[in-house]
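Here's the structure we're looking at; comments come further down.
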Amino acid sequence: MPQNTPKAIRGTQDIFGPEAEAFAFVVETFERVRRLYRFRRAEMPVFEKTEVFSRAIGETTDVVSKEMYSFEDRGGDSLTLRPEFTAGIARAFLTNGWQQHAPLKLATHGPLFRYERPQKGRYRQFHQIDAEIIGAAEPQADVELLAMADQLLKELGIEGVTLHLNTLGDADSRENWRAALIEYFGGVKGDLSEDSQDRLEKNPLRILDSKDRRDQQFVADAPKIDDFLTDEALGFFDSVTSGLDAAGVNWKRAESLVRGLDYYRHTAFEFIPDEGSAAADTLGAQSTVLGGGRYDGLMESLGGPATPAVGWAAGIERLAMLVEDRGEPLADVIVVVEDDARMSDAISALGKLRGSGMSADLFAAGSTRKRFDKAVKSGARSIVAFDVRDGEPTHRIKADESDTPRLEALLR
RNA sequence: GCGAUCGUAGCUCAGUUGGUUAGAGCGCCGGUUUGUGGUACCGGAGGUCGGGGGUUCGAGACCCCUCGAUCGCCCCA
């Protein structure tokens, strides 16, 4: 390997071949399904003022201080490569007057950037598909969004993945629950893992999904959000679950599923591989395939009017890992030049084939003797070979009987 | 930021307790089978064994450092 060649940045990847096909399949399927649900396509810049993300996400977290790609541009503004879609979409919604379209169903996909240690299914530049419904306070919006996610996963052929669903309640429910958790875990602080003792200060909800056994023993008896839900919050959650049942979406209550950021309200969800499933095995520790929730508090943190919204995102790389290997498509036709004197005829034929909608490639390099062999070996559906025999131009078509007349006609 | 495992041809890997000019398969290039064909055979190109230092008469193998990859922890918007 050339030692003088610059290496790719850590955590970035070059996707090629069957993996690139799987990646494209995920995106194409998403585009198709989002049309079925009438989500409108949007494109946002990959970078924004740092403020967009720091205000949306909350200044204090590690996330902002350590895990964003931020830099100063020549004008001295702090800019950041987008680490998520939601904040940028919210900014676009507010700055472009998209309120007029509310409730607005939006879909997008593209690269995101997070300064993290790469591991299985986690990269510094990664890609997500994303769907949001902005300006809809009704639980039906949550149902709609989840039904789309469910159908998408089915159409991708991904099995053994279940929707885990929870509610964080409204702002009051959430705050009371949080206080109860702090009190409860504070009481057993000395027996918690070191990490969770820190979490008690920074992010107490996260103790609930700690991987440490020392913490897990206390989780079962921890205060439940259900005991803190207001009637309104409870009613909202009931509407979501009954809507999912009506839509035929299979789900499972996950009381420990939480969101750290304050702007999340009500519904929180993740599609997670079932324990012991092939999907769980494939994804390793990064198990969540698709996740999201309701973020009714976000628009205000960006200086906008209170605007209810709900959305989800899913990592394309992770989905691609779960999609069946599709290989790369074989050529409809390979055109072989067995005598270089026929090059022009071959190029002309190639144009006609492609113009008629057939995928075609030209084999005209290397040993003339081996070109046909290579064409056969490529697995192409048909082969058209141009040669010169006894001073006369000839061609030969190797194809199914059904294809041969069409090719003959086209080459005439 | 922390930890574990791993870096030998384009790819997948061998390389015995440290011992001559570092190997195989696949792929690539060329040539035979005077050719209608995914075959077989022959030949060829391609490696400062990730990099640096050390131990030794001698290091791809052992030690240290460094870089990178993979997986996990933290974090997860």
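Every heavy atom of this structure was used, including side-chain atoms; hydrogens, water molecules and symmetry mates were not. Keep in mind it's a predicted model, so treat the numbers as computed, not measured. Quick note on labels: first sequence line is chain A, next is B, and so on, each numbered from 1.
We find that CZ of A:Arg371 is positioned 11 Å from P of B:G31, with the value rounded to whole Å. With rounding to whole Å, A:Asp195 atom CG is found 12 Å from B:G1 atom C1'. The CD atom of A:Gln286 sits 7 Å away from the P atom of B:C73 (whole-angstrom rounding). Here the C1' atom of nucleotide B:C76 and the CZ atom of A:Phe126 are 10 Å apart, to the nearest Å. Note: NZ (A:Lys211) to P (B:C76) measures 11 Å, nearest angstrom. Between A:Gln13 atom CD and B:G68 atom P the separation is 18 Å, expressed in whole Å. B:C75 atom C1' lies 12 Å from atom CG of A:Asp198, rounded to whole Å. Between the P atom of B:C73 and the CD atom of A:Glu67 lies a distance of 14 Å, rounded to the nearest Å.
In a base pair of the Watson-Crick type (N1 to N3 plus N6-O4 or O6-N4) or a G-U wobble (N1-O2 and O6-N3), with each distance short of 3.5 Å, B:C49 is matched with no nucleotide. Across all strands shown, B:U20 has no partner, as no Watson-Crick or G-U wobble contact with both distances under 3.5 Å is found. Nucleotide B:A59 forms a pair with no other nucleotide shown, judged by Watson-Crick or G-U wobble geometry with both contacts under 3.5 Å. Applying the Watson-Crick and G-U wobble criteria (two distances, each under 3.5 Å), B:C26 pairs with B:G10. B:A4 is paired with B:U70 under the Watson-Crick or G-U wobble criterion, all donor-acceptor distances under 3.5 Å.
Straight-line distance between the P atoms of B:C28 and B:G38: roughly 16 Å, to the nearest whole Å. Atom P of B:C65 sits at a distance of 49 Å from the matching atom of B:C41, rounded to the whole Å. With both ends at atom P, the span from B:C57 to B:G43 equals 42 Å, rounded to whole Å. Between the C1' atoms of B:U48 and B:A9, the separation comes to 13 Å (whole Å). When the P atom is used for both B:G60 and B:G23, the distance is 14 Å, rounded to whole Å. Remark: the separation of the C1' atoms in B:G35 and B:A40 is 14 Å, to the nearest Å. Rounded to a whole angstrom, the distance from the P atom of B:U55 to that of B:U17 is 25 Å. Taking the C1' atoms as reference points, B:C73 lies 31 Å from B:U12, given to the whole Å.
Taking the side chain of A:Lys377 as heavy atoms from C-beta on, and the options B:C71, B:C74, B:U39, the nearest nucleotide is B:U39. The side chain of A:Lys7 sits closest to B:G68 out of B:G68, B:G38, B:C75. Distances were taken from every side-chain heavy atom of A:Arg114 (C-beta onward) to each of B:C73, B:C76, B:G31; the shortest belongs to B:C76. Comparing B:C71, B:G37, B:U70 by their closest approach to the side chain of A:Pro118 singles out B:U70. Distance from the side chain of A:Arg10 is smallest for B:G68 among the nucleotides B:G68, B:U36, B:G38. For A:Arg389, taking side-chain heavy atoms from C-beta onward, the closest of the listed nucleotides B:C74, B:G35, B:C29 is B:G35. Distances were taken from every side-chain heavy atom of A:Lys120 (C-beta onward) to each of B:G72, B:A69, B:C73; the shortest belongs to B:G72. Nearest nucleotide to the side chain of A:Arg369, out of B:U36, B:U32, B:C71: B:U32. Considering only side-chain atoms of A:Asn203, the nucleotide from B:G37, B:C73, B:C76 that sits closest is B:C76.
Of the two residues contacting RNA chain B, namely A:Phe372 and A:Arg318, the nearest-nucleotide position lying further toward the 5' end is that of A:Phe372. The residue among A:Leu283 and A:Glu116 whose nearest nucleotide of RNA chain B lies closer to the 5′ end is A:Leu283.
Side-chain atoms of A:His127 and A:Glu317 include a donor-acceptor pair closer than 3.5 Å.
A:Tyr264 comes within 4.0 angstrom of the backbone, heavy atoms only, and of no base. Base engagement by A:Lys370 is indicated by at least one non-hydrogen atom pair under 4.0 Å involving a base atom. Within 4.0 Å (heavy atoms only), A:Arg82 reaches no atom of the nucleic acid at all.
Across A:Gly110 and A:Phe85, no two heavy atoms sit closer than the pair N-CZ, 3.4 Å.
Using a 4.5 Å heavy-atom threshold, the side chains of A:Lys49 and A:Arg91 count as separate.
Taking the six-membered ring where the residue is Trp, A:His266 and A:Phe236 present parallel rings, their angle staying beneath 30° rather than reaching 60°. A tilted orientation is assigned to the rings of A:His395 and A:Phe386, their planes being inclined by 30° to 60°.
Classification of A:Lys252 and A:Asp274 as a salt-bridged pair fails, no side-chain N sitting under 4.0 Å from a carboxylate O.
Around CZ of A:Phe25, the count of heavy atoms belonging to other residues, nucleotides or ligands within 6.0 Å exceeds 12.
Cation-pi check for A:Arg124 over A:Tyr69 is not met; the charged atom does not lie both under 6.0 angstrom from the ring centroid and within 45 degrees of its normal.
Remark: the A:Arg122 side chain and the B:C75 base include a donor-acceptor N/O pair separated by less than 3.5 Å.
Phosphate proximity of B:G38 to A:Ser378: absent, as no side-chain N or O sits under 4.0 Å from OP1 or OP2. For the OP1/OP2 pair of B:C71 and a distance below 4.0 Å, the side-chain nitrogens and oxygens of A:Gln119 include no atom meeting the criterion.
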